[in-house]
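All residue numbers in this chain count up from 1 along the given sequence.
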Amino acid sequence: MLKSAVYLIQKSKIIMIRGWNKQMRLSAGNLLLPGLIFVFLFFTAQSYPAGIHNDVLSSYRSNATVILSGSSVNFYILLLVMLIVICVVILFFSVRLRKVNLQLKGKNRQILNINNDLQKLNKELELQKDQITKEYYESDKFYRMVVQSADDSISFFDKDWTLKYANAAFFKQIGYERDEYETIDPKGFIHPDDQDYQPRRVQTLLSTGFFESELRLRHKDNHYVNLSTRSVTVRDDNGEVLGSLTISRDITKLKQTHEALIKANLESEASSRLKSSFLANISHEIRTPLNSVVGFANLLLANNLTQEVREDYIEHINYNSEKLLQIIGDIIDLSRLESSQIEISYEETSLTGIVNEIIEDARQVIKRNEKPIILNVNNRFTDSGDLIFTDRIWLKRVLNHLMDNAVKFTLDGSIEFSYMRENDKILFKIKDTGIGINKENLGRIFEEFRQEVDGHHRPFEGLGIGLTLAKEVVERMGGRIFVQSEKGIGSEFSFSIPYRPAGSPKVRIVPVSSEQAQKPIDWSYKKCLLVDDNKDVLIYLHRILIDTGVSVITARSGFEAIELIKAIPDIDVVLLDMQMPEMNGIEATKEIRKIRKNLPIIAQTAFIFEDDKDIILEAGCDACLIKPIKKEHLLSVMSDFVKSDHPL
């Protein structure tokens, strides 16, 4: 468009110059010819004699007919001809001048049109110039804004590797201002292990034009940031190297997340291996005592057994049954631990009573395993009140786990159990002369499924969850547990719980022996309703109650039990199973309460969670027995509701 505009301007100039030159030539010609004729007539008139003039004048004065002379006639004829010629010439040149004038007007209009086109083109050029200027300014501003707004750092180094340009993110990544950065040697920012970054970058860019790597730079706060960098060589139109452009992204958090994921993956794999080992241990730990129970039970079928052998078999069955129950209890406790269902319930408890039970159980284990171990009890709690508020079941379970470990890992020597009061805490210590624990394993023995020796080569039994449960329970009771050990010397486990006194500070409960606790029971005039859908349970409970003389009535469902209670109004107590088809124990209890509001109902259940027990009691049951039910426990609970006397 610019070239066409220049062409129109040049053409209009040429047309204007040619038109004016032609007009000037025509004007000069039109004026020159009449002027020459006028000059010729003037000089001709001067050459005629004066007498001619006088004759003419005298003829006008006398109004007489004048007869002109030949020379006069010729003069006038010439003059007339000349005038005619002049008129013709003037007419000719006038017509020609008009034609030229019309042509000039046409050229003038053409020039005006060209001028208008030029003005339009000029305006368009001005608008385009303004638009180009605006677009250039806006594009430059836009790209600057984009570069400055980028989270990734963008930097340009010249071929001498001097920083020429960098956006705000470049300095933000390392925490320095540009002025501060320029005063520091760039090598001082690079991590000592990444000092080869710059030489590798230079060499790779020169050879391939592209370089990608990770880099650690020291932040102003003296921590290192991880960067993922990409560099490319920048060349001009002639292929000359101008420098390099580098884009860096802060991947510190990504690195931390990646490392955390790797760690979590390793822990997950370790946990998976531990759980696999745990499942294998469970299978072994359950099948071993179960094998003894089944095996010795089958041996009891022999007819030629002496009483001593029979009692020995029964003792093996009882021991392994207790062991099996303990394993199942540990597994259930582990599930409660993982689901955060362990709850601490405080009740008034005799500390000496708990300790005596723990020591008695430990002595039985030592005796059974025939280990030459001396068990010492150091009671430094004598001056304090024996009654405390604590969770008796969980405290006993923690002490059992620690004592079992001490007996298990002590081949010979001694075990010392001591407990004392220290300010507002009760401190327990269990010290043994066993095999001890390696120092590198002390930090992980409280983790789930952890054992110092895993796999099939482990010399000792166990699931590896006892110490985990002990630590969790102690911490939930508001205490802390500690361990000190040396390989080949022995171990000492200690823990403390808050001291919460109960009752009189000088009261001590003297344990009652099993012989003293046993009293004859005579329920000959009482009636007991046994409700359970399991025939074996009914036979077992019926056999226990035969010796008391109580009259036993059985039912296999909740509906049957309700009908019996309606039919037999003098039933004294009900033993009711909670898990039954059609109508469960909770529903049966509510229906029984509608018939006899004050009839004692003792629930029997395999559910052992505290929430289950609370639901059972809230439904209307008076007591709750946890399966498997021992004879002593059953009779003790029933004695609270059935009295040994004559009929009412």
**Request:** Apply side-chain contact (heavy atoms from CB on, under 4.5 Å) to the pair Val232 and Thr246, showing each step before the final yes or no.
**Result:** CA-CA 7 Å; Val232 293; Thr246 300; over 6 Å; no

Tell me whether [X] at atom [atom1] has more than 12 heavy atoms from other residues, nucleotides or ligands lying less than 6.0 Å away.
| X | atom1 | value |
| --- | --- | --- |
| His258 | NE2 | no |
| Arg249 | CZ | no |
| Arg178 | CZ | yes |
| Glu212 | CD | yes |
| Gln195 | CD | yes |

Can you measure from [atom1] ([X]) to [atom2] ([Y]) and round to the nearest 0.5 angstrom?
| X | Y | atom1 | atom2 | answer |
| --- | --- | --- | --- | --- |
| Leu469 | His401 | CG | NE2 | 5.0 Å |
| His223 | Thr252 | NE2 | OG1 | 6.5 Å |
| Lys107 | Ile114 | NZ | CD1 | 9.0 Å |
| Ile174 | Asp250 | CD1 | CG | 11.5 Å |
| Gln579 | Thr605 | CD | OG1 | 7.5 Å |
| Asn101 | Gln103 | CG | CD | 10.0 Å |

**Item:** Stepwise side-chain contact (heavy atoms from CB on, under 4.5 Å) check, Asn405 with Phe493
**Value:** CA-CA 10 Å; Asn405 284 346; Phe493 285 86; 5.7 Å; no

Run the side-chain contact (heavy atoms from CB on, under 4.5 Å) test against [X] and tell me which residues pass, sequence neighbours left out.
| X | answer |
| --- | --- |
| Asp158 | Asp160, Thr162, Lys164 |
| Glu587 | Met583, Asn584 |
| Leu261 | Thr257 |
| Leu163 | Ser155, Phe157, Ala166, Phe170, Phe171, Tyr181 |

Nearest heavy-atom pair of [X] and [Y]: which atoms, and what distance?
| X | Y | result |
| --- | --- | --- |
| Ser491 | Ser485 | OG-OG, 2.7 Å |
| His219 | Tyr176 | C-CE1, 4.4 Å |
| Asn167 | Asp152 | ND2-O, 3.1 Å |
| Thr204 | Ser207 | O-OG, 3.0 Å |
| Met477 | Asp391 | CE-N, 4.2 Å |
| Ile616 | Ile586 | CA-CD1, 3.9 Å |

Considering only heavy atoms from C-beta outward, does the side chain of [X] approach that of [Y] to under 4.5 Å?
| X | Y | result |
| --- | --- | --- |
| Asn115 | Gln119 | yes |
| Lys129 | Leu125 | no |
| Glu214 | Ile251 | yes |
| Tyr224 | Leu217 | no |
| Leu206 | Thr233 | no |

**Message:** Val85 and side chain to side chain contact (heavy atoms under 4.5 Å, CB included): which single residue from Leu83, Val88, Val81 fits?
**Reply:**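 Testing each of Leu83, Val88, Val81 against Val85, the sole residue satisfying side chain to side chain contact (heavy atoms under 4.5 Å, CB included) is Val81.
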
Pairing donors with acceptors under 3.5 angstrom, does anything connect the side chains of [X] and [Y]?
| X | Y | result |
| --- | --- | --- |
| Gln198 | Arg201 | yes |
| Ser153 | Gln173 | yes |
| Tyr197 | Thr229 | yes |

**Request:** Identify, with sequence neighbours excluded, every residue that meets side chain to side chain donor-acceptor pair (under 3.5 Å) alongside Asn423.
**Result:** none

**Asked** Partners of Arg480 by side chain to side chain donor-acceptor pair (under 3.5 Å), sequence neighbours excluded?
**Response**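 Counting only residues at least two positions away or on another chain, Arg480 forms no side chain to side chain donor-acceptor pair (under 3.5 Å).
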
In terms of side-chain geometry, is the basic nitrogen of [X] or [Y] positioned less than 4.0 Å from the acidic oxygen of its partner?
| X | Y | value |
| --- | --- | --- |
| Lys220 | Glu180 | yes |
| Lys120 | Glu124 | no |
| Lys263 | Glu259 | no |

